[in-house]
> 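To start, I am sharing the structure in question, which I have written as structure tokens.
Just so you know, these numbers use all the heavy atoms, side chains as well, and skip hydrogens, waters and symmetry mates. Every value quoted in this text rests on a predicted model; they were computed, and no experiment measured them.
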Amino acid sequence: MNQLTALAPQDDYDTIRAAIRYLSENGPDATDLPRFARALGLTERQLTDLFRRWCGLSPKSFAQAVALDHAKSLLRDQASVLDTTYEVGLSSTSRLHDLFVTYEAMPPGVFRAGGEGIDMIWGVAPSPFGRAVITATDYGISGLGFADAETSIEDAFADLANRWPRARFTRNDARIVQMAAGIFEPGRWSPDQPVRVVLIGTDFEVKVWETLLKIPVGQAVTYSSVANHIGRPTASRAVGAAVGKNPISFVVPCHRVVGTSGALTGYHWGVPRKRAILGWEAGVISAAH
């Protein structure tokens with residue numbers, strides 16, 4: 001997986017976003033490579049090299065990975081996905097290429113108190129999906145969002161920090177960069193060095209987020225299937241709200257929840273980024289085979 005072990009430059013993701021806009025407007029058929037390349041101001045070789053470097057896929061394979069038909073295919077096994085318990089440290093086939101995550105749910109009182117008495121660090125690190133803004137406690141990562149041309153670093157941090165208005169935040173980019181490497185570099189995904197996260201929310205939200213952690217890379221589920229899994233079959237809208245409030249994007253994979261039709265419905269950090277993450281994950285799987 002050498003292609004995917006280094007964090008992609010920020011400039012790569014900016015071009016990928018433009019590519020996703022092009023595919024959204026022109027459909028998933030990227031077989032007309034010269035036209036696709038010209039639309040992005042690149043040569044065919046530059047376009048191919050960009051996708052190979054960023055996600056290990058050809059432009060055509062990436063286009064297929066972000067298409068509706070692909071999302072529909074990811075849904076086929078959704079019931080078995082959520083009925084299976086994944087235990088950290090076991091290398092099941094479906095878990096082999098996913099993030100190994102351990103989590104701790106903070107007591108409800110911490111949520112109700114707005115994080116009072118909790119010390120957190122925060123910082124910015126490169127990621128394949130733009131600049132990652134991350135918050136963390138001594139227990140693990142508590143928030144992960146993204147900054148780009150539309151969302152400044154300060155706004156992304158405020159989005160995360162406002163969830164815990166009474167917590168104390170100190171910026172420490174050096175530590176955050178180390179944490180980000182374990183999150184975004186597939187070569188470091190290992191049960192021996194799991195990504196530690198702390199879930200802070202209502203009991204209902206935490207149940208939803210715990211369920212999201214069971215969705216392996218390369219799979220997807222619907223909001224209704226999550227509702228069924230937690231024993232609240234009529235609560236699809238509430239599940240959608242909880243998914244939207246997920247504070248630890250990418251690690252807690254809310255991007256793997258899609259509409260019943262397979263459509264990539266809303267994403268807190270933008271649907272283009274959701275498409276990018278799913279396409280990048282397809283590259284992770286492809287590189288591992």
Side-chain angles (χ1 to χ4, degrees), residues 74-75 77-113 115 118 120 134-145 160 163-164 167 179 182-183 189-191 193-259 265-269 274 277-278 281:
L74 297 183
L75 289 173
D77 298 323
Q78 62 175 312
S80 61
V81 167
L82 291 181
D83 286 341
T84 302
T85 300
Y86 302 106
E87 297 181 13
V88 173
L90 298 181
S91 294
S92 65
T93 301
S94 57
R95 190 67 172 166
L96 185 58
H97 307 301
D98 204 358
L99 282 172
F100 286 86
V101 179
T102 61
Y103 68 90
E104 179 172 343
M106 297 292 281
V110 174
F111 171 75
R112 288 193 295 269
I118 299 293
M120 296 192 190
I134 297 173
T135 64
T137 74
D138 289 340
Y139 301 100
I141 294 166
S142 57
L144 195 162
L160 299 174
R163 302 164 191 254
W164 331 120
M179 293 179 183
I183 295 170
W189 295 356
S190 165
Q193 295 181 313
V195 176
R196 296 171 56 213
V197 301
V198 55
L199 304 178
I200 310 175
T202 66
D203 288 343
F204 179 82
E205 288 169 346
V206 169
K207 283 183 180 179
V208 170
W209 301 337
E210 288 173 337
T211 301
L212 301 186
L213 285 168
K214 296 179 180 179
I215 311 171
V217 65
Q219 303 257 1
V221 301
T222 62
Y223 298 97
S224 59
S225 66
V226 174
N228 286 328
H229 183 77
I230 64 174
R232 298 281 298 277
T234 62
S236 293
R237 289 189 177 181
V239 164
V243 170
K245 291 180 180 178
N246 168 34
I248 313 176
S249 299
F250 185 76
V251 178
V252 179
C254 51
H255 57 276
R256 297 178 197 154
V257 185
V258 300
T265 51
Y267 183 62
H268 189 76
W269 302 100
K274 184 172 185 173
I277 293 173
L278 291 171
E281 288 184 338

> Is the side chain of W189 donor-acceptor paired with the backbone N or O of V195 at a distance under 3.5 Å, no angle test?
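Absent.
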> Can a side-chain donor-acceptor contact be found between S236 and S224 if the only test is distance below 3.5 angstrom?
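Absent: no donor and acceptor within the cut-off.
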> Checking the side chain of E205 only, and the main-chain atoms of T202 only, is there a donor and an acceptor separated by less than 3.5 Å?
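Judged by distance alone, yes, a pair lies under 3.5 Å.
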> Please step through side chain to side chain contact (heavy atoms under 4.5 Å, CB included) for the pair L199 and I248, ending with a clear verdict.
CA-CA 8 Å; L199 304 178; I248 313 176; 4.0 Å; yes
> Do V208 and N246 have side chains that approach each other closer than 4.5 Å (heavy atoms only, starting at C-beta)?
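They are not in side-chain contact.
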> Report the residues that fulfil side-chain hydrogen bond (donor to acceptor under 3.5 Å, both in side chains) with Y267, sequence neighbours left out, ordered by chain and then residue number.
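Partners of Y267 by the side-chain hydrogen bond (donor to acceptor under 3.5 Å, both in side chains) criterion come out as none, since no residue qualifies.
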> Show your working on side chain to side chain contact (heavy atoms under 4.5 Å, CB included) between V239 and T211 and close with a plain yes or no.
CA-CA 11 Å; V239 164; T211 301; over 6 Å; no
> Mind running side chain to side chain contact (heavy atoms under 4.5 Å, CB included) on M106 and I118 for me, showing each step along the way?
CA-CA 11 Å; M106 297 292 281; I118 299 293; 3.9 Å; yes
> Is it true that atom CZ of R163 has more than 12 heavy atoms of other residues, nucleotides or ligands lying nearer than 6.0 Å?
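Yes.
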> Could you go through the side chain to side chain contact (heavy atoms under 4.5 Å, CB included) check for V101 and V252 one step at a time?
CA-CA 9 Å; V101 179; V252 179; over 6 Å; no
> With no hydrogens and no angle check, is any side-chain donor or acceptor of S249 less than 3.5 Å from a backbone partner on L144?
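Such a contact is found between S249 side chain and L144 backbone.
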> Could you tell me if the side chain of E281 sits less than 4.5 Å from the side chain of R256, heavy atoms only?
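The answer is yes, as the side chains (C-beta and beyond) meet within the 4.5 Å cut-off.
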